[in-house]
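Working notes, structure below.
Side chains included, hydrogens not; waters and symmetry mates left out as well; all remaining heavy atoms used. Chain letters run A, B, ... following the sequence lines, proteins first, then strands; residues in each count from 1.
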Protein chains: 2
Amino acid sequence: MPVVSDCINMLDSETKAVETPEDHAEELRLWLRLLTCTTLIEGEVRGRLRQRFDVTLPRFDLMAQLDKAPDGMTLSDVSKRMMVSNGNVTGLVERLVESGHLDRRTSETDRRVQVIRLTKLGRAEFRRMAAEHETWIADLFADLTPKDVRELMRLLAKTKASAQKSAGRRRA
Amino acid sequence: MPVVSDCINMLDSETKAVETPEDHAEELRLWLRLLTCTTLIEGEVRGRLRQRFDVTLPRFDLMAQLDKAPDGMTLSDVSKRMMVSNGNVTGLVERLVESGHLDRRTSETDRRVQVIRLTKLGRAEFRRMAAEHETWIADLFADLTPKDVRELMRLLAKTKASAQKSAGRRRA
DNA sequence: CCAAATTACTTTAAGCCTAAAATGTTTCCA
DNA sequence: TGGAAACATTTTAGGCTTAAAGTAATTTGG
């Protein structure tokens with residue numbers, strides 16, 4: 001039972017990157033391209049939302065989450081879904097309540113929890129914006145074939161899973 | 001030569017979206033997934049940069065641009081490359097000059113232009129961070145095969161081109 | 001040659017965003 | 001039961017980001 005040699009092999013394989021620095025240039029390029037695509041589309045959508053509806057992208061995103069939850073969501077739910085910090089949501093909600101798009105109330109059963117919903121106005125405005133928003137997205141992706149779309153969906157799902165796993169490893 | 005009927009057909013095909021509202025749900029889902037992947041990875045990189053090097057992501061990104069340009073760049077160049085506003089770059093550069101990472105000087109030939117470069121310190125620190133950064137990216141994308149990476153690169157290039165075309169159409 | 005347009009950058013006002021600390025509430029368990 | 005831990009949210013301090021307006025330098029076209 002060659003314990004020592006096993007151990008050495010293990011170490012060897014674990015430290016391979018150190019001994020023969022691997023080339024990760026392809027992954028780096030992929031990340032930059034992914035970032036470029038997102039930044040490009042995000043900027044375009046942001047600009048159109050502002051011009052057409054005088055609304056910011058984060059407000060739109062928050063309303064989109066609530067539109068999918070007729071019974072409302074807690075601030076924590078929203079924070080997780082939108083992948084932003086808690087404090088961020090607090091301010092965003094504040095402004096949307098102020099403008100009459102959101103309704104906010106303290107949970108009956110747990111006084112820590114705030115439940116927010118779209119108001120009638122909020123829902124109506126969101127639906128109007130969302131309909132147009134969908135055509136912008138369709139236009140931005142117009143040159144992709146249905147097959148391209150399917151394939152991208154698949155590869156991005158794989159990417160997401162890989163990144164989550166890696167992020168989990170760090171925190172573990 | 002059925003001109004009238006051709007014309008009607010053309011109109012029909014052009015206005016199809018109006019008459020029979022198309023379903024763009026797939027493109028929308030694709031956009032959300034793209035955004036999720038980017039947000040996830042970006043957040044992970046941001047956190048690691050902060051913890052390991054006490055540096056922000058925008059500062060790192062700016063230094064990355066300058067590392068590729070030994071002769072320096074103008075603020076406008078940087079702004080275009082990073083796809084952020086001019087005013088944003090002004091502030092970012094200010095802080096990096098302050099901390100000794102950047103050198104900034106007015107162009108000899110055009111007094112409107114500011115040329116910025118990495119200082120020796122800035123370059124050394126960036127190289128140190130970049131080496132580690134590359135391993136994080138490799139780890140985040142670790143579950144993708146080389147073929148996945150190639151295919152994603154191809155599809156994202158196509159996506160970028162499509163989005164740029166669409167963005168151009170709007171401004172035209 | 002010179003006024004108008006363009007270009008490069010900065011400033012401003014407002015909002016977005018994060019990490020960390022603080023507050024109040026509920027749950028857990030010894 | 002009572003105190004520690006966990007949880008939901010808010011607050012704070014600082015930085016990022018944008019669009020739009022402002023300043024200064026250069027280019028352009030009549």
When clusters are formed from ILVMFWY side-chain contacts under 4.5 Å, directly or step by step, what else is grouped with A:Met83? none
Check this for me: B:Arg81, atom CZ, are more than 12 non-hydrogen atoms of other residues, nucleotides or ligands nearer than 6.0 Å? no
Under a 4.5 Å side-chain heavy-atom rule over Ile, Leu, Val, Met, Phe, Trp and Tyr, are B:Leu40 and B:Leu35 clustered together? no
Residue list, side chain to side chain donor-acceptor pair (under 3.5 Å) with A:Glu125, at least two apart or on another chain: A:His101
Answer yes if A:Leu57 and A:Leu118 sit in the same cluster of Ile, Leu, Val, Met, Phe, Trp and Tyr residues linked by side chain heavy atoms under 4.5 Å apart, and no otherwise. yes
Do A:Ile137 and A:Val45 touch side chain to side chain, with heavy atoms closer than 4.5 Å? yes
Which residue lies toward the 5' end of DNA chain D, A:Asp77 or A:Gly43, if each is placed at its nearest nucleotide? A:Asp77
List in chain and number order the residues that pass ring-ring contact (aromatic ring centres under 6.0 Å, His included) with A:Phe60, two or more places apart in sequence or in another chain; answer none if no residue qualifies. A:Phe126, A:His133
What residues in residues 83-93 of chain A put a non-hydrogen atom under 4.0 Å from any atom of DNA chain D? A:Asn86, A:Gly87, A:Thr90
Contacted region of DNA chain D by chain B, from 5' end to 3' end of the hits, cut-off under 4.0 Å to heavy atoms, spans D:dG15 to D:dT26
Listed partners of A:Arg104 passing salt bridge (charged side-chain N to carboxylate O under 4.0 Å, His left out), at least two apart: none
With sugar-phosphate meaning primed atoms plus P, OP1 and OP2, does A:Thr74 contact a base, only sugar-phosphate, or nothing at under 4.0 Å between heavy atoms? sugar-phosphate
Is it true that atom NZ of B:Lys158 has more than 12 heavy atoms of other residues, nucleotides or ligands lying nearer than 6.0 Å? yes
All pairs passing side-chain hydrogen bond (donor to acceptor under 3.5 Å, both in side chains) where residues 52-62 of chain A contributes a residue, at least two apart: A:Arg52-A:Glu132
Using the test side chain to side chain donor-acceptor pair (under 3.5 Å), find all partners of A:Ser107 that sit at least two apart in sequence or belong to another chain. A:Thr109
What are the bounds, 5' to 3', of the part of DNA chain C that sits under 4.0 Å from heavy atoms of chain A? C:dG15 to C:dT26
With a cut-off of 3.5 Å and sequence neighbours excluded, list every side-chain donor-acceptor pair involving residues 86-98 of chain B.
residue, atom, partner, partner atom, Å
B:Asn86, OD1, B:Ser79, OG, 3.0
B:Thr90, OG1, B:Asn86, O, 3.4

Residues of residues 58-66 of chain A with any non-hydrogen atom less than 4.0 angstrom from an atom of DNA chain D: list those, numerically ordered, please. none
Can you name the residues that form a side chain to side chain donor-acceptor pair (under 3.5 Å) with B:Arg50, not counting sequence neighbours? none
A:Asp110 or B:Thr109: which one's nearest nucleotide on DNA chain D is closer to the 5' end? A:Asp110
